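Just so it is clear, the structure is predicted and the values come from calculations on it, not from any experiment.
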Amino acid sequence: MNPRGNAAAVVGGGLAGISAALALLEAGVRTTLYEARPRLGGATHSFDRDGLTVDNGQHVFLKCCTAYRGLLERLDALDFVRVQDRLDIPVLTPDGPAGRLRRANAPGPLHLLPALARYRLMPPGDRLRAVRASLALQGVDPQDPALDGQAMGAWLAAHGQRERARTALWELFLISALNIGVDDAAMGPAAMVCKQGLLGRSDAADIGVPTVPLGELHGVLAAKRIERLGGRVHLKAKVSAVEAGPKLVVDGEPVAADAVVVAVPHRAAAPLVPAQACPDRDRWAGLGASPIINVHVVYDRPVMDVPFAAAVDSVVQWVFDRTEISGLADGQYLAVSVSAADDWIDTPAADVRAAFLPALERLFPAARRARVTDFFVTRERHATFRQSPGSGALRPASATRLPGLFLAGAWTDTGWPDTMEGAVRSGLTAARLVRRHLDGVSGR
């Protein structure tokens, strides 16, 4: 393809910017992507540590994430992810019985009933009440603006979900999906996660995991695909302003464009876009931030015999076997993903180690006989915006008041929580609006 016609500029090389650029190039729009960092991928990237390839954090997706899976297809990367045949999650407890959540081959939402009926980590009465609450969620419209002011925790309490059901079931899914505790989570995105992932199609929540480092999946492959389509990628390119025209200021120099997509986090977008385009840009600061930490542990021998597991009654939330993907030849490399990590984000690594190594030994008895050869912590202070009550009203649409200027990013009003899926959808929406704008300018 030889793109021709009007020129578009995309600011930001995360999943939103990559998706926007690819969609524009595939539509024949000459497109240039500017990224301030020396790589693409945004919040999903990799680095080297003593011969290991380390992802900054563990990222997974669900089969219902159709836009993200479409991006993988565009990147010719479907062979670089592994998707479960059916949802199957080992759920571990310290020094106690394990549970398992495995869906049945039945239409949704009936596919989860056998899993709940056999779920050992909840008393029978709580299992029944969880089914009733799930059926009640079926009647909730996640897009109802009234839900933006309500907390998911209050809704669960009103529907008979006691403490054990919250910790062993609801929090298991919602904290990792929304990066916020259920008491603080807005009802709208929480209901959306439950309905779309757990209560919709029977295969919707089947979990997909990358089998190559994120730096290759979202960085190297994306850059190659953009350039193969005739686009240009400028790394280490600092965009300091977007002005009417529209035009950019890149490394101090003005650059004209017929359309611009600003695909950076809200804290970076607010000072970048002109007030005439987004008069409410100062309100975006109210979206705040919710952190994630990842605890990385390398053992001298295998201690976990499943690809990943969840945990309850533990500081560990989810743990993944990263041995093969990291290139480790001997031993085993585990990564523990901790969402809603406000209590951990500033904790010294020594204190994190003192808390998490004993916790892992209680979940995996084999770790008690293993030697830790490396331990480190990665921290994402601004992993997502804070998806609390009232946050939905602060998320802007993609279109701005300045013709030719559009926003993208998982923090915009995508209809999805702040996830990889939401980021990709925002980029596709922005690209569609750019094409409509350019058609109007050219009189087509």
Side-chain angles (χ1 to χ4, degrees), residues 5-21 23-24 29-37 40 42-43 231-289 382 384-386 390-414 418 422-423 425-442:
N6 297 290
V10 177
V11 182
L15 293 183
I18 290 168
S19 300
L24 288 168
V29 178
R30 289 186 295 114
T31 303
T32 301
L33 187 151
Y34 299 93
E35 169 55 53
R37 286 173 283 201
L40 297 185
R232 291 181 295 172
V233 175
H234 292 295
L235 301 176
K236 301 181 182 179
K238 175 66 174 177
V239 177
S240 57
V242 179
E243 301 172 353
K247 66 179 180 180
L248 312 173
V249 179
V250 184
D251 295 331
E253 298 293 330
V255 176
D258 294 312
V260 174
V261 176
V262 175
V264 297
H266 65 85
R267 63 188 181 280
L272 199 60
V273 301
Q276 68 198 85
C278 302
D280 61 348
R281 62 182 185 173
D282 291 341
R283 298 180 65 226
W284 299 346
L287 289 170
H382 304 282
T384 66
F385 74 87
R386 198 165 186 84
S391 60
L394 301 178
R395 301 175 72 177
S398 180
T400 73
R401 296 189 182 185
L402 186 64
L405 176 60
F406 306 93
L407 303 175
W411 60 279
T412 62
D413 188 10
T414 65
D418 189 339
R425 285 175 179 258
S426 76
L428 298 177
T429 296
R432 184 169 59 251
L433 294 175
V434 167
R435 296 197 302 270
R436 186 182 303 167
H437 168 74
L438 296 180
D439 285 347
V441 170
S442 64

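A search for side chain to side chain donor-acceptor pair (under 3.5 Å) contacts involving Arg436 returns nothing, not counting sequence neighbours. Residues forming a side chain to side chain contact (heavy atoms under 4.5 Å, CB included) with Ala257 (at least two apart in sequence, or on another chain): Ala9, Val260. In this structure Tyr34 satisfies the ring pair (Phe, Tyr, Trp, His ring centres under 6.0 Å) test together with His234, sequence neighbours excluded. With sequence neighbours left out, Arg386 forms a salt bridge (Lys or Arg N to Asp or Glu O under 4.0 Å) with Asp342. Not a single side chain to side chain contact (heavy atoms under 4.5 Å, CB included) links Asp282 to another residue, sequence neighbours left out. Partners of Lys247 under the salt bridge (Lys or Arg N to Asp or Glu O under 4.0 Å) rule, at least two apart in sequence or in another chain, are Glu243. Remark: Ala259 engages Val434, His437, Leu438 in a side chain to side chain contact (heavy atoms under 4.5 Å, CB included) (not counting sequence neighbours).
Minimum interatomic distance between Gly13 and Ile18 (heavy atoms only, all atoms of both residues): O-CD1, 3.4 Å. Contact between Leu24 and Ala8 at its shortest, heavy atoms only, is CD1-CB, 3.9 Å. Minimum heavy-atom separation, Pro246 to Gly404: CG-O, 3.8 Å. In terms of heavy-atom proximity, Arg37 sits nearest to Ala43 at NH2-N, 4.5 Å. Residues Ser19 and Gly427 come closest through the heavy atom pair CB-CA, 4.3 Å. For Ala237 against Val250, the heavy-atom pair with the smallest separation is CB-CG1, 4.1 Å.
Considering only heavy atoms from C-beta on, Leu235 comes within 4.5 Å of Leu40 through its side chain. Looking at Asp280 and Cys278, their side chains come closer than 4.5 Å, going by heavy atoms from C-beta outward.
Between the Ser426 side chain and the Ala408 main chain, no donor and acceptor come within less than 3.5 Å of each other.
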Could you list the donor-acceptor pairs under 3.5 angstrom formed between side-chain atoms of residues 391-401 and any protein atom two or more places apart in sequence or on another chain?
unit_1, atom_1, unit_2, atom_2, d
Ser391, OG, Ser388, O, 2.7
Arg395, NE, Trp411, O, 3.2
Arg395, NE, Thr412, O, 3.0
Arg395, NH1, Trp416, O, 3.1
Arg395, NH2, Ala410, O, 2.9
Arg395, NH2, Thr412, O, 2.7
Arg395, NH2, Thr414, OG1, 3.3
Arg395, NH2, Trp416, O, 2.9
Ser398, OG, Leu407, O, 2.8
Thr400, OG1, Leu402, N, 3.2
Thr400, OG1, Leu402, O, 3.3
Thr400, OG1, Leu405, O, 2.8

Extract all donor-acceptor atom pairs below 3.5 Å that involve side chains of residues 262-273 and protein atoms in other chains or at least two apart in sequence.
unit_1, atom_1, unit_2, atom_2, d
His266, ND1, Trp284, O, 3.4
His266, NE2, Gly288, O, 3.0

